[in-house]
Amino acid sequence: MKKAAVFQTVSFSFLFLALVACGKSKDNQPVMGKAAPTATQPAAPTPKNPPTAVPESGQNNNTRNQTQPGAQVQPRAQQQGQGQQQSPQSRQQQGKQQGQQQGQQQGQQAPPMTSEGVQAEINELEMLSKTYTGTANDPVRKFLELRMDDVKDARVKLKNLEAAAIIQDARLKIDYSNGDVAIQLMMKKGNSTQNMILGGTLEGNGQKSAQILAETAGAKVAGTLKCLDAQSDTCEVSHLRLQIGDLGNRSTVNIIFRKTNVHLRSQFPAATRTVPEMETLYSIIRHTELNTNTTGKIESAKLETFEVIKGKTGYRFILKTLNKEMIVMSGDLKDQRGLGGAGQSAVRTVSEADLVNSNGEVVYKTRLHDSLKDLKLVNNNGYGTLSFEVDFNTQVKVEGDTKVKFQIERISRPVLQLSEKL
């Protein structure tokens, strides 16, 4: 069967697919990199500011002069030079070092960090957070970032940034039949990580919200989850505001959760370079486009993302077929300009929760998932459009490129007008 370029909208789950087989028709043109024309979603603006370079961990170029044995010790003013003053950055680094070094004798606790040291820590964490991107073209992320910037007390701001930095992964699950909410946070603890489970129930007319509490005994974590969809019967976009710690020593963390349908485009190589595993995937996509009467087509394709404000951003893409096969991939969402064009291999771990249906029954299989050898994120526009290259786990030797290219574009719903009550 000749693979021609096909562009049509299919009726399942608001999913649009465009399939191109290179080498089959002289008129075929690759579709990767072209945005899908939609009436409801404006073109994503280009970020104006380039990412800030992140210093290596522990790097400090403002170390003090060391005196060699037998050398003459000069007064401090002479060491710095007559009329020469330290830069603000140098004073901040020295303040940070002094706060860490003073009182380190055995049995003594280090005194509070100086104001310069606090500002140095803030600057370092701010630079790290800027290596991660957003995941949608709406104002929610910017609104929450500005609100964090408005915190006047530098020590409170530092506590908030430190709390954001320890969150490595976040997942939200909502049971729409009863409103139950389950949130799993993976948090960095020393050289390892630990999971924290939070729960609550969505309530209210119109905009729904849930009071969130930790299910771990003794955990001092509580907060509120609010649905932000303008359409009140859905919760594709939500905001979690968590408070961690005791009164007087409390930090605040903000996380945006999104789970939406996607536009999906694919670009296959010439049929002379295909392998059986590729043909299986091609068949699934082709049947989906034609909406043929078969279970070998896509049932749903969802993009889940989390954005820790002033912290990490990550994605999880799950594709399921009617014959109960699936593909799962996840990873960080960093500015691609910092990856040097090399791309980033996706994590392909399938959890037990991915394999069950709404009744808790294990029904999904991983044969399709296991047929893929590597999935690499090669482009991220920062607004929910991700491009991947897929290679196959096959024993068939084929000359030439056998990679398939995919582009996933988030379909976003309108969100509520934001206010300080968020």
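The shortest distance between side-chain heavy atoms of Lys159 and Arg155 does not fall below 4.5 Å. Between Ile327 and Ile318, every side-chain heavy-atom pair lies at or beyond the 4.5 Å cut-off. For the pair Lys157 and Met148, the minimum side-chain heavy-atom distance is 4.5 Å or more. A heavy-atom distance below 4.5 Å is not found between the side chains of Asp332 and Gln168. At least one side-chain heavy atom of Leu242 sits under 4.5 Å from a side-chain heavy atom of Leu198. Residues Val221 and Leu213 form no side-chain contact, since every pair of their non-hydrogen atoms from C-beta on lies 4.5 Å or further apart. In this structure, the side chains of Thr349 and Ser330 stay at 4.5 Å or more apart for every pair of heavy atoms. A 4.5 Å side-chain heavy-atom check between Thr135 and Leu333 finds at least one atom pair inside the cut-off.
With respect to Glu304 and Arg171, a salt bridge is recorded, a charged nitrogen being found less than 4.0 Å from a carboxylate O. Using a cut-off of 4.0 Å between Lys/Arg side-chain N and Asp/Glu carboxylate O, Glu236 and Arg413 are scored as salt-bridged. Asp354 and Lys320 are not joined by a salt bridge, as no carboxylate oxygen comes within less than 4.0 angstrom of a charged side-chain nitrogen. Looking at Lys310 and Glu126, a side-chain N of the basic residue comes within less than 4.0 Å of a carboxylate O on the acidic one, giving a salt bridge.
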- Task: Would you sort out whether Phe306 and Asp169 count as a side-chain contact (heavy atoms from CB on, under 4.5 Å), showing the intermediate values?
- Result: CA-CA 8 Å; Phe306 72 92; Asp169 193 16; 3.1 Å; yes
- Tell me, with the steps shown, if Ile244 and Arg250 meet side-chain contact (heavy atoms from CB on, under 4.5 Å). CA-CA 6 Å; Ile244 305 173; Arg250 184 173 292 169; 5.9 Å; no
- Task: Decide yes or no on side-chain contact (heavy atoms from CB on, under 4.5 Å) for Leu202 and Ile174, but give the supporting numbers first.
- Result: CA-CA 9 Å; Leu202 287 174; Ile174 300 175; 3.8 Å; yes
- Under the side-chain contact (heavy atoms from CB on, under 4.5 Å) criterion, do Asp233 and Tyr176 qualify, and how do the steps go? CA-CA 9 Å; Asp233 60 342; Tyr176 285 98; over 6 Å; no
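The CG atom of Leu281 sits 7.0 Å away from the CG atom of Leu372 when rounded to the nearest 0.5 Å. Between atom CD1 of residue Ile408 and atom OG1 of residue Thr385 there is a gap of 9.5 Å, rounded to the nearest 0.5 Å. To the nearest 0.5 Å, atom OG1 of residue Thr321 and atom CG of residue Leu319 are 7.5 Å apart. One distance of note links OG1 of Thr280 with CG of Leu368; it measures 7.5 Å at 0.5 Å rounding. Note: Ile212 CD1 to Thr224 OG1 = 7.5 Å, rounded to the nearest 0.5 Å. For the atom pair CG of Asn291 and CD1 of Ile298, the computed distance is 11.5 Å after rounding to the nearest 0.5 Å.
Looking only at distances, no side-chain donor or acceptor of Asp175 sits under 3.5 Å from a matching main-chain atom of Gly179. In this structure, Asp229 contributes its side chain and Val237 its backbone to a donor-acceptor pair below 3.5 Å. The backbone N or O of Cys227 sits less than 3.5 Å from a side-chain atom of Gln207, completing a donor-acceptor pair. Side chain of Arg367 to main chain of Glu325: no donor-acceptor pair is present (N/O by atom type, distance under 3.5 Å, no hydrogens or angles). When atom types are taken as modelled, the side chain of Arg265 and the backbone of Lys405 share no donor-acceptor pair closer than 3.5 angstrom. When atom types are taken as modelled, the side chain of Thr274 and the backbone of Ala270 share no donor-acceptor pair closer than 3.5 angstrom. Looking at Lys365, its side chain does come within 3.5 Å of a backbone N or O of Asn323 through a donor-acceptor pair. Side chain of Arg410 to backbone of Tyr383: no donor-acceptor contact under 3.5 angstrom is found. Side-chain atoms of His263 do not come within 3.5 Å of backbone N or O of Glu409 as any donor-acceptor pair.
There is a side-chain donor-acceptor pair under 3.5 Å between Thr292 and His287. Side-chain contact of Asn123 with Glu121: a donor-acceptor pair under 3.5 Å is absent, judged by distance alone. Of the N and O atoms on the side chains of Asn380 and Lys334, not one donor lies less than 3.5 Å from an acceptor on the other residue. Side-chain N/O atoms of Thr313 and Glu307 include no donor and acceptor closer than 3.5 Å.
Scanning all heavy atoms of the two residues, the minimum distance from Asn254 to His239 falls at OD1-NE2, 2.8 Å. Between Leu322 and Thr295 the shortest heavy-atom distance is CB-O, 3.3 Å. Between Ala154 and Val118 the shortest heavy-atom distance is O-CG1, 3.7 Å. Closest approach of Tyr132 and Arg141 over heavy atoms only: O-NH2, 3.7 Å. Contact between Leu303 and Gly384 at its shortest, heavy atoms only, is CD2-O, 4.0 Å. Of all the heavy atoms in Ala164 and Val253, the pair that sits closest is N-CG2, 4.1 Å.
The only option from Ile309, Ile255, Asp149 that meets the side chain to side chain contact (heavy atoms under 4.5 Å, CB included) definition with Leu144 turns out to be Ile309.
Remark: Thr366 pairs with Asp370 by the side-chain hydrogen bond (donor to acceptor under 3.5 Å, both in side chains) rule, at least two apart or across chains.
Separation of the Phe268 and Tyr282 ring centroids falls under the 6.0 Å cut-off.
Counted within 6.0 Å of CG on Asn293, heavy atoms from surrounding residues, nucleotides or ligands total 12 or fewer; the atom is thus considered open.
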